[in-house]
Amino acid sequence: MSRIFVFLGIPGAGKGTQAKRLSNDLNIPYIGTGDILRRNVQEKTPLGLKVKELLDRGELVDDETMIEIIKNEIKNTDSFILDGFPRTVPQAKALDNLLNEFGKKISCVFFLDVSDQEVIKRILARYSCVSCGKEFNLYLDEISDKKCPVCGSELKQRSDDNEQTLKERISQYRTKTQPLVDFYRQKDLLKVIRGEGSPDEIFSQIKKVISRYDNN
Ligand code: AMP
């Protein structure tokens with residue numbers, strides 16, 4: 001059975017955390033466009049060099065580039081979880097066309113609903129380990145020395161997790177991504193998840209929706 005889930009939400013809503021967890025739980029691939037772009041920036045590929053400044057400023061990469069990336073990622077995969085794509089209406093329409101072409105369809109779209117104040121608080125406390133890559137929240141995980149509790153290496157912030165860039169990312173979200181909530185609501189694919197509990201609570205809401213969907 002093909003299963004395709006999309007995660008929507010403001011930056012810092014917890015899409016990455018929940019999408020990766022669901023990917024492990026269902027054993028289907030996680031496709032996170034932010035991770036793909038950051039990997040390219042780190043490896044200084046032609047794509048990475050092209051997008052680095054946009055990412056640092058919190059602006060979106062152009063639709064054509066993003067659609068090409070997704071096309072390559074999904075063409076040979078039956079089931080997958082999308083995090084960070086689509087982020088604009090043209091991307092969502094292109095995704096529909098690609099899925100039609102490949103004879104697949106979206107199972108449902110999870111919209112993680114979180115307030116601006118909450119995401120700002122979360123993002124400014126978000127760190128990851130330079131060595132093992134594990135992600136932490138300095139408040140939730142009660143870390144005071146910015147050292148990885150798993151391997152002891154240094155914890156670092158993402159270069160776009162600062163106040164200035166965050167403002168731009170939220171503004172881009174409001175103008176370009178938020179319209180997708182209605183886009184998917186009209187298609188009857190939207191599942192609104194209150195994203196302000198603990199990661200465990202939020203995940204159990206997601207699983208509840210999926211089990212209902214599996215039973216139909
Ligand atoms: P994320 O990790 O999802 O917060 O994405 C980090 C950054 O990557 C965003 O601020 C954008 O600059 C870029 N990005 C990721 N996904 C997309 C997309 N679908 N369309 C345009 N830009 C994207």
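Counting starts at 1 for both ligands and their atoms, in listed order. Keep in mind that what you see is a predicted model, and the values were worked out from it rather than measured.
- A donor-acceptor contact shorter than 3.5 Å is absent between the side chain of Thr77 and the backbone of Phe80.
- Between the side chain of Ser79 and the backbone N or O of Ile28, no donor-acceptor pair lies under 3.5 Å.
- Residues Asp116 and Lys167 are not paired through a salt bridge, judged by the lack of any N-O separation under 4.0 Å between the basic side chain and the carboxylate.
- Under a 3.5 Å cut-off, the side chain of Asn40 and the backbone N or O of Ile36 do form a donor-acceptor pair.
- Asn137 places a side-chain N or O within 3.5 Å of a backbone atom of Tyr139 that can act as its donor or acceptor partner.
- For ligand 1, the 4.0 Å heavy-atom shell contains residues Thr33, Gly34, Leu37, Arg38, Leu55, Glu59, Leu60, Val61, Met66, Gly84, Phe85, Arg87, Gln91, Arg158, Asp160, Arg169.
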Hey, can you pull the donor-acceptor pairs under 3.5 Å for the side chains in residues 193-203, sequence neighbours left out?
unit_1	atom_1	unit_2	atom_2	d
Glu196	OE2	Ser115	N	2.8
Glu196	OE2	Ser115	OG	3.3
Ser198	OG	Glu201	N	3.1
Asp200	OD1	Arg21	NH1	2.9
Asp200	OD1	Arg21	NH2	3.0
Glu201	OE1	Ser198	N	3.1

